[in-house]
Participant: 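One structure, as structure tokens, below. Some questions next.
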Amino acid sequence: MEALENILELPRGSLRSQLGPHRPRGRALRHDRDAASLLLTTGESSPIARALGAELAQVNSGIHQMINDTTLRLNEKRGLAVMSQRHVVRASREGVSAMTVVQVEEESAAAPPDIIVTSGRLGRIRYLPELRTTVFDVLFGHPLTRNETAVVAYDYRTADACAPCSFFQQNIRKGLRESLLHVVFHPDALPLAAESYRRSSYEGERTHVRSVPLDASCSVHVLNTRSPSGYQGISWEWPY
């Protein structure tokens, strides 16, 4: 640019000033797109967005989730006995040392949940009953190098296991290769019917709705591979 200014005998910097502000590229541009995508799928007024606040744009920005494996086990009172989750993540930059998890419950509980980390180490935890939300970090144990993978696994037990549970949905981030959602019912508390669905945002309209039958283990599941960003869920109807 400076050489062209010399040839045209123009003042130094005159051509560059016409180009406008620098446009972000590479990692900066990817981060802006990821942050915008997360805000679009969660929604500004969702419990997730309100719980994270200013942290929403940065949460888990240094990792890509590759695999999500979620199993819910319900008790004879139709409540959630335990939720077991396993995530396989890959670092997209140097130095990432933790993964942040946000769990939203159907109803507020009187006490914080019991979280037992089986792969990784439990870090900061915040319980926000007014938002029915718990935010916690799982530490990897050391800062990851770029492209290094880590496995995060934990069991999540609510304080109110008697509250009937009728659905569960989880966020699907861009780049997720595989997502399994598995719901296991108690033999003495079986639903009338169950169906899987997708949502483009936290409270968006349900799409791709289909019936999912109970199997021999009194469970239902849905497996998605390379799905678009949004939410994957299963809901069920109790006999009354």
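Counting from 1, the numbers follow the sequence of the chain as shown.
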Participant: When you measure from the side chain of S97 to the backbone of H142, do you find a donor-acceptor pair of N or O atoms at a distance under 3.5 Å?
Facilitator: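 No, because the side chain of S97 does not come within donor-acceptor range (under 3.5 Å) of the backbone of H142.
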Participant: After noting the C-alpha distance and the side-chain angles of L181 and L72, does the key distance pass the side-chain contact (heavy atoms from CB on, under 4.5 Å) rule?
Facilitator: CA-CA 8 Å; L181 178 53; L72 280 70; 4.0 Å; yes
Participant: Do Y154 and F136 make the cut of ring centroids closer than 6.0 angstrom?
Facilitator: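 Centroid separation for Y154 and F136: below 6.0 Å.
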Participant: Starting from I115, can I reach V101 by hopping between I/L/V/M/F/W/Y residues whose side chains sit under 4.5 Å apart?
Facilitator: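 In one cluster with V101: I115, yes.
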Participant: Test Q232 against Q169 for side-chain contact (heavy atoms from CB on, under 4.5 Å), laying out the working first.
Facilitator: CA-CA 5 Å; Q232 164 191 279; Q169 63 184 24; over 6 Å; no
Participant: Enter the distance from R78:CZ to D188:CG here, rounded to the nearest 0.5 Å.
Facilitator: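 Here the rounded value is 11.5 Å.
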Participant: Does any part of the side chain of R177, heavy atoms only, come nearer than 4.5 Å to the side chain of R226, both counted from C-beta?
Facilitator: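 With C-beta onward as the side chain, the pair touches.
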Participant: Under 3.5 Å, is there a donor-acceptor pair between the side chain of R126 and the main chain of V135?
Facilitator: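 Side chain of R126 to backbone of V135, a donor-acceptor pair under 3.5 Å: no, none is there.
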Participant: Between V96 and G62, what is the shortest heavy-atom contact and its length?
Facilitator: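 Scanning both residues completely, I find the closest heavy atoms to be CG2-O, 3.4 Å.
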Participant: Is any side-chain N of the basic residue among R157 and D114 closer than 4.0 Å to the acidic one's carboxylate O?
Facilitator: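 Here R157 does not pair with D114 in a salt bridge, since their nearest N and O are not under 4.0 Å apart.
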Participant: For the ring-ring contact (aromatic ring centres under 6.0 Å, His included) test, which of Y197, F168, F185 pairs with W236?
Facilitator: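 In the set Y197, F168, F185, the residue that makes a ring-ring contact (aromatic ring centres under 6.0 Å, His included) with W236 is F185.
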Participant: Examine W238 and L80 and state if one hydrophobic cluster contains both, with Ile, Leu, Val, Met, Phe, Trp and Tyr joined whenever side-chain heavy atoms are less than 4.5 Å apart.
Facilitator: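 Yes: a chain of side-chain contacts under 4.5 Å links W238 to L80.
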Participant: Rounded to the nearest 0.5 Å, what's the gap from SG on C165 to CE on M83? Could you check?
Facilitator: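 That separation rounds to 10.0 Å.
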Participant: Taking V151's backbone N and O only, do any of them form a donor-acceptor pair with S119's side chain (distance below 3.5 Å, no angle check)?
Facilitator: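 Side chain of S119 to backbone of V151, a donor-acceptor pair under 3.5 Å: yes, one is there.
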Participant: So, E178 and T225: side-chain donor and acceptor under 3.5 Å apart, yes or no?
Facilitator: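 No - no donor-acceptor pair under 3.5 Å links their side chains.
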Participant: Can you tell me if N60 uses its side chain to pair, donor with acceptor, with the backbone of T100 under 3.5 Å?
Facilitator: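 Yes; at least one donor-acceptor contact below 3.5 Å.
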Participant: Does V152 share a hydrophobic cluster with V117, counting links as ILVMFWY side-chain heavy atoms below 4.5 Å and allowing steps through other members?
Facilitator: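 Both belong to a single hydrophobic cluster.
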Participant: Is there a path of hydrophobic side-chain contacts, each under 4.5 Å between heavy atoms, that joins V104 and Y231?
Facilitator: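 The answer is yes; both residues are in one hydrophobic cluster.
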Participant: Do H186 and C218 touch side chain to side chain, with heavy atoms closer than 4.5 Å?
Facilitator: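 Heavy-atom side-chain distance check fails, nothing below 4.5 Å.
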Participant: Go through it in stages, so that I can follow the logic: the residues are E94 and T145, the test is side-chain contact (heavy atoms from CB on, under 4.5 Å), and I'd like the CA-CA distance, side-chain angles, deciding distance and then a yes or no.
Facilitator: CA-CA 5 Å; E94 302 284 334; T145 59; 3.7 Å; yes
Participant: To the nearest 0.5 Å, tell me how far S84 OG sits from I116 CD1.
Facilitator: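 The distance works out to 9.5 Å.
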Participant: Check ring pair (Phe, Tyr, Trp, His ring centres under 6.0 Å) between Y156 and all other residues, then give those that pass, not counting sequence neighbours.
Facilitator: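 Counting only residues at least two positions away or on another chain, Y156 forms no ring pair (Phe, Tyr, Trp, His ring centres under 6.0 Å).
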Participant: Please answer whether the main-chain N or O of N147 pairs with a side-chain N or O of R90 as donor and acceptor at a distance below 3.5 Å.
Facilitator: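 Looks like yes, one N/O pair under 3.5 Å.
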Participant: Around atom NE2 of H221, are there more than 12 heavy atoms of other residues, nucleotides or ligands at under 6.0 Å?
Facilitator: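 For H221, atom NE2 is not crowded (no more than 12 foreign heavy atoms under 6.0 Å).
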Participant: Verify side-chain contact (heavy atoms from CB on, under 4.5 Å) between R206 and R198, making sure each step is shown before the conclusion.
Facilitator: CA-CA 6 Å; R206 294 187 180 191; R198 295 182 189 173; over 6 Å; no
Participant: Looking only at non-hydrogen atoms, find the nearest pair between P213 and V220 and report the distance.
Facilitator: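 Reported closest heavy-atom pair: O-CG1, 3.5 Å.
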Participant: Would a single hydrophobic cluster contain both L214 and V183, if residues Ile, Leu, Val, Met, Phe, Trp and Tyr are joined by side-chain heavy-atom contacts under 4.5 Å?
Facilitator: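 Yes.
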